[in-house]
Amino acid sequence: MKRPGIVLALLLLAGCRDVRVHTLAQGTTPVLGSNEIVVVRDRPSLERLGIHAPVSYRTEFGVVLLMGPHDRTGFKQIVESIRANPDRVRVVAFEQEPADGGEPSPKYRTFTLWIVPNTVYRRGLRVQVVTPSDASVAQTTLP
């Protein structure tokens, strides 16, 4: 009687996978464009965005949120939450303006790079970024 209960508990625990998504980098890039979310599956794709980071593409992929462009220094991204369900991933994020107004600068975009295990990659999954007031920032669908 005790043994089947232990086996059942082990099976239930094995089915509970803890997916670790971590923020690898935040910063700026001189590569211009508008707000977008980009799924990165190889090093050249990441480098085309002006971002250099050690991603192990054999076991993980990157998701990059790009916001801007800006022509004053000091903007940064704030990510409030990331929620996932079987149909989509919803990220609540916004940019914080510099308190001092910033200085004039060449145009740039801010970015946040998340690293995600390949085991959770699902073709057709929608990734949506919204502001805290639920205004759309960017969205994409995993190819």
Inset, instruction - Drop me the distance from Glu80's CD to Thr131's OG1, to the nearest 0.5 angstrom. - result: 9.0 Å
Legend entry - Contact check, side chains of Val137 and Met67, non-hydrogen atoms, under 4.5 Å: yes
Legend entry - Sole residue of Lys76, Gln77, Gln26 in side-chain hydrogen bond (donor to acceptor under 3.5 Å, both in side chains) with Thr110: Gln77
Legend entry - Taking every non-hydrogen atom, the tightest pair across Gly33 and Pro69: O-CD, 3.2 Å
Legend entry - Within one Ile-Leu-Val-Met-Phe-Trp-Tyr cluster: Tyr121 and Val127, side-chain cutoff 4.5 Å: yes
Legend entry - Note: Arg90-Asp134 ion pair, threshold 4.0 Å (strictly below): yes
Inset, instruction - Look at the side-chain heavy atoms of Ile, Leu, Val, Met, Phe, Trp and Tyr, link any pair under 4.5 Å apart, and say whether Val40 and Val31 land in one connected group. - result: no
Inset, instruction - Dump the intermediate steps for side-chain contact (heavy atoms from CB on, under 4.5 Å) on Val64 and Ile51, then the final yes or no. - result: CA-CA 10 Å; Val64 182; Ile51 302 169; 3.7 Å; yes
Inset, instruction - Indicate yes or no: at least one non-hydrogen side-chain atom of Pro104 is less than 4.5 angstrom from one of Arg72. - result: yes
Legend entry - Interatomic spacing from OG1 in Thr141 to CZ in Arg122 - rounded to 0.5 Å: 12.0 Å
Inset, instruction - Assess the side chains of Arg88 and Gln128: does a donor N or O sit below 3.5 Å from an acceptor N or O? - result: yes
Inset, instruction - Verify the distance criterion only: is there a donor paired with an acceptor across the side chains of Glu103 and Thr73 at less than 3.5 Å? - result: no
Inset, instruction - Apply the test side-chain contact (heavy atoms from CB on, under 4.5 Å) to residues Thr112 and Thr23: give CA-CA distance (whole Å), side-chain angles for both, the deciding distance (0.1 Å), then the verdict. - result: CA-CA 7 Å; Thr112 299; Thr23 302; 3.8 Å; yes
Inset, instruction - Check whether any side-chain heavy atom of Asn118 lies under 4.5 Å from a side-chain heavy atom of Arg41, and answer yes or no. - result: yes
Legend entry - NZ or CZ of Arg109 within 45° of Phe75 ring axis and under 6.0 Å: no
Legend entry - Hydrophobic cluster membership, Val63 vs Leu142, 4.5 Å side-chain cutoff: yes
Inset, instruction - Give a yes or no on whether the backbone of Pro106 and the side-chain of Asp71 come within a donor-acceptor separation of less than 3.5 Å. - result: no
Legend entry - Flag for Glu97-His70: side-chain donor and acceptor within less than 3.5 Å: no
Legend entry - Rounded distance [0.5 Å steps], CG in Leu32 versus NZ in Lys107: 7.0 Å
Inset, instruction - Spell out, yes or no, whether Val39 and Val91 are grouped together once hydrophobic residues are joined by side-chain heavy atoms under 4.5 Å, including indirect joins. - result: yes
Legend entry - Nearest-0.5 Å distance, CG of residue Leu113 to OG1 of residue Thr29: 11.5 Å
Inset, instruction - Measure the spacing between CG of Leu65 and CH2 of Trp114 and express it to the nearest 0.5 Å. - result: 4.5 Å
Inset, instruction - Report the distance from atom CZ of Arg43 to atom OH of Tyr57, rounding to the nearest 0.5 Å. - result: 6.0 Å
Legend entry - Val130 reachable from Phe94 in the ILVMFWY side-chain graph, under 4.5 Å edges: no
Legend entry - side-chain contact (heavy atoms from CB on, under 4.5 Å) evaluation trace for Val55 with Leu24: CA-CA 9 Å; Val55 179; Leu24 181 64; 4.1 Å; yes
Inset, instruction - With side-chain contact (heavy atoms from CB on, under 4.5 Å) as the test, would you mind laying out the steps for Val38 and Phe111 before giving the verdict? - result: CA-CA 10 Å; Val38 180; Phe111 74 85; over 6 Å; no
Inset, instruction - Quick one: closest heavy-atom pair of Pro132 and Ala93, and the distance? - result: CD-O, 4.0 Å
Legend entry - Heavy-atom closest pair, residues Asp100 and Gly102: OD1-N, 2.9 Å
